[in-house]
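Each chain gets a letter, A, B and so on, in the order the sequences are listed, and its residues count up from 1.
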Amino acid sequence: MSMDSRNGGPGGVIEIHLTEGVVTRIKEVAKRKRISFDNAVDMCYSTGLSKALELSESWFDNAKKIGSYNAIVQLRASKAEKTLELMNLRSKSVSYKFDGFEEFNRMMGSLISYTGKRAEAKRLQTLLAERGIIFDIGPGEIPELDELNQRYLFRKVRNGQD
Amino acid sequence: MVETRLSRTSKMFGKGQGTVEVHVSAKDQADYSNLSKEGAPVNISPLVIIGNGTSVLLNEPIDNASIFLRTPNEEIEKLRREIAELDDDIQKACSAKMKHQALNDRYQEDASILEYYQEIMEMFVTQMKRIKKEKG
């Protein structure tokens, strides 16, 4: 059976795959009501839906009678609340993951830029040293550069991932 | 008139079954939506709805047992199970969020430290270039 709502406006059209038994019964309805098969299909659907609503109400009446109604309402509210909480958490998680990806790439770019600047500084330092000028670039040396390079530029492959 | 239409339909449903288009009013559409969201656990597959519609219109009794999917107590049990599953998923999502947040914080922290050293290194390069120029 397939159901495909094709009209989002007022009302719409759905496609339903009918079994042989139901087709026979709809034909019987069409015959008795003296209407076309297509109109009988629409009428049967509308009537069946009204009946479903009626049965739904009777189910809740029964739930009230046996004292389960309040629990059902509370549990449904709790389920809706938790579903919303889960959606928010997943949304934030994806957002952090995306931001993290951006930050990682930014950090990679900055590290490459820093490494280039550091190489230039080393070259200039050597040039000045040849002329007897000592220039200390130590304060510009980031501690644990190797570790950063490992983390952002040369990540170790673990279990075929990373 | 009716016979003509029925014979046309018979051709359409040569094997006694087929797909039909049902025109649904806005009210019925809204009712169906409410029923599927907040209603009782009633079987509301379109085929069952049409089947029930034929029973009503042919003045035949409806088999309630085939319509109600769960009793109120079974519904409570089902909801409790679903909420327990949601609690598990929330816990997992919370861990994942914290993991991504921690990584993000670490990247930001590393970036701000790197930025500090980058500025110093840039300053050194500028100074050394100036010294090199001054000293010929």
Trainee: Let me know if B:Leu57 has heavy atoms under 4.5 Å from chain A in its side chain, its backbone, both or neither.
Mentor: both
Trainee: I'd like to know which of B:Val42, B:Asn52, B:Ile76, B:Ile131 tops the heavy-atom pair count under 4.5 Å against chain A.
Mentor: B:Ile76
Trainee: What part of A:Arg32 is in contact with chain B, defined as an atom under 4.5 angstrom from a non-hydrogen atom: side chain, backbone, both or neither?
Mentor: side chain
Trainee: Select one option (side chain, backbone, both, neither) describing which atoms of B:Glu115 are under 4.5 Å from chain A's heavy atoms.
Mentor: neither
Trainee: Relative to chain B, which segment of A:Arg131 carries a heavy atom at a distance below 4.5 Å: side chain, backbone, both, or neither?
Mentor: side chain
Trainee: Could you check if a side-chain atom of B:Met128 sits within less than 4.5 angstrom of a side-chain atom of A:Ile133, using non-hydrogen atoms only?
Mentor: no
Trainee: If you apply the rule side-chain hydrogen bond (donor to acceptor under 3.5 Å, both in side chains), what do you find for A:Tyr96 with B:Gln101, and how did you get there?
Mentor: CA-CA 6 Å; A:Tyr96 279 127; B:Gln101 190 175 5; 3.1 Å; yes
Trainee: Counting only N and O atoms by type, is there a donor-acceptor contact under 3.5 Å from the side chain of A:Asp42 to the main-chain atoms of B:Val22?
Mentor: no
Trainee: Can I get a per-line list of side-chain donor-acceptor pairs under 3.5 Å for residues 61-69 of chain A, giving both atom names and the distance, sequence neighbours left out?
Mentor:
unit_1  : atom_1 : unit_2  : atom_2 : d
A:Ser68 : OG     : B:Asn73 : OD1    : 3.2

Trainee: Go through the atoms of A:Ser50 and report whether side chain, backbone, both or neither lie under 4.5 Å from a heavy atom of chain B.
Mentor: neither
Trainee: Below 4.5 Å from any heavy atom of chain B, which atoms of A:Ile142 appear? Answer side chain, backbone, both or neither.
Mentor: both
Trainee: Less than 4.5 Å to any heavy atom of chain B: does that hold for the side chain of A:Ile137, its backbone, both, or neither?
Mentor: both
Trainee: Would you mind listing every salt bridge (Lys or Arg N to Asp or Glu O under 4.0 Å) that reaches into residues 83-109 of chain B, with sequence neighbours excluded?
Mentor: A:Lys82-B:Asp87
Trainee: What pair of heavy atoms forms the shortest contact from A:Ala121 to B:Met121, and how long is it?
Mentor: CB-SD, 3.7 Å
Trainee: Passes side-chain hydrogen bond (donor to acceptor under 3.5 Å, both in side chains), A:Glu28 versus B:Thr54? Steps please.
Mentor: CA-CA 9 Å; A:Glu28 185 59 32; B:Thr54 59; over 6 Å; no
Trainee: Is it the case that the ring center of A:Phe135 lies less than 6.0 angstrom away from the ring center of B:Phe124?
Mentor: yes
Trainee: Heavy-atom distance under 4.5 Å to chain B: side chain of A:Glu57, backbone, both or neither?
Mentor: neither
Trainee: Which region of A:Lys117, side chain (C-beta onward) or backbone (N, CA, C, O), has a non-hydrogen atom less than 4.5 Å from a non-hydrogen atom of chain B, or is it both or neither?
Mentor: both
Trainee: With chain B, which of A:Arg123, A:Lys92, A:Glu141, A:Gln125 has the greatest number of heavy-atom pairs at distances under 4.5 Å?
Mentor: A:Glu141
Trainee: Is it the side chain or the backbone of B:Thr71 that comes within 4.5 Å of chain A heavy atoms, both, or neither?
Mentor: backbone
Trainee: Measure A:Leu127 against the heavy atoms of chain B and call it side chain, backbone, both or neither at under 4.5 Å.
Mentor: side chain
Trainee: Given heavy-atom pairs under 4.5 angstrom as the criterion, report whether the side chain, backbone, both or neither of A:Leu148 touches chain B.
Mentor: side chain
Trainee: For A:Arg106, is it the side chain, the backbone, both, or neither that has a heavy atom closer than 4.5 Å to a heavy atom of chain B?
Mentor: side chain
Trainee: Any chance you could lay out the side-chain hydrogen bond (donor to acceptor under 3.5 Å, both in side chains) test for A:Tyr152 and B:Asp110, step after step, and finish with the verdict?
Mentor: CA-CA 10 Å; A:Tyr152 294 98; B:Asp110 284 348; 2.6 Å; yes
Trainee: With a 4.5 angstrom heavy-atom cut-off, is it the side chain or the backbone of B:Ile44 that approaches chain A, or both, or neither?
Mentor: side chain
Trainee: What I'd like to find out is whether the side chain of A:Ile14 reaches to under 4.5 Å of the side chain of B:Glu21, using heavy atoms alone.
Mentor: no
Trainee: If you count heavy-atom pairs within less than 4.5 Å of chain B, which of A:Ser95, A:Ala80, A:Ser113, A:Ala40 leads?
Mentor: A:Ser113
Trainee: Less than 4.5 Å apart, any side-chain heavy atom of B:Thr19 and any of A:Leu18?
Mentor: no
